[in-house]
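Here the structure comes first, spelled out in structure tokens, and everything after it is commentary.
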Amino acid sequence: MAENKMTIEESFDKLQEIVDTMDDPDISLEDAFAKYKEGVSLVKQCNDMIDKVEKEVKMISENGDTTEFNLKD
């Protein structure tokens, strides 16, 4: 499975490796399914990282004020 301490960039690189592996016509069904499960887990981790960053992004309101959403776990 994917490591929890991967950066988003490392996660995307790993996802590309998984896709490349699954593109191999000689991959067994069992291996393809294992890679699929690994990829789904990694996509979920990426989504969680992106959601966390989105919550911390500063939003500029119409009058130019900034509001920071900083929801700590």
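Computed from a prediction, not measured in an experiment: that's the story for all the values here.
For the atom pair CD (Gln45) and CG (Asn47), the distance works out to 10.5 Å, reported to the nearest 0.5 Å. Here the CZ atom belonging to Phe12 is positioned 12.0 Å from the CE atom belonging to Met6, to the nearest 0.5 angstrom. How far CG of Asp20 is from NZ of Lys35: 10.5 Å, rounded to the nearest 0.5 Å. Rounded to the nearest 0.5 Å, atoms SG (Cys46) and CE (Met49) are 4.5 Å apart. Taken from CD1 in Ile8 to CD in Glu10, the straight-line distance is 10.5 Å, to the nearest 0.5 Å.
At a threshold of 4.5 Å between side-chain heavy atoms, the hydrophobic network of Ile, Leu, Val, Met, Phe, Trp and Tyr places Met22 and Leu15 in one connected group. Following chains of ILVMFWY side-chain contacts shorter than 4.5 Å, one can reach Leu42 starting from Tyr36, so the two form part of one hydrophobic cluster. No chain of hydrophobic side-chain contacts below 4.5 Å, direct or via other Ile, Leu, Val, Met, Phe, Trp or Tyr residues, connects Val19 to Val40.
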- Task: For side-chain hydrogen bond (donor to acceptor under 3.5 Å, both in side chains), just list the numbers for Asp31 and Ser28, CA-CA rounded to whole Å, side-chain angles, deciding distance to a tenth of an Å, and then say yes or no.
- Result: CA-CA 5 Å; Asp31 290 343; Ser28 70; 3.2 Å; yes

- Message: With side chain to side chain contact (heavy atoms under 4.5 Å, CB included) as the criterion, how do Lys14 and Glu38 come out once you've worked through the C-alpha distance, each side chain's angles and the decisive distance to 0.1 Å?
- Response: CA-CA 10 Å; Lys14 182 63 179 173; Glu38 182 180 1; 3.1 Å; yes

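A salt bridge links Lys44 to Asp48: at least one charged side-chain nitrogen sits closer than 4.0 Å to a carboxylate oxygen.
In this structure, the side chain of Ser41 does not engage the main chain of Lys37 through any donor-acceptor pair within 3.5 Å.
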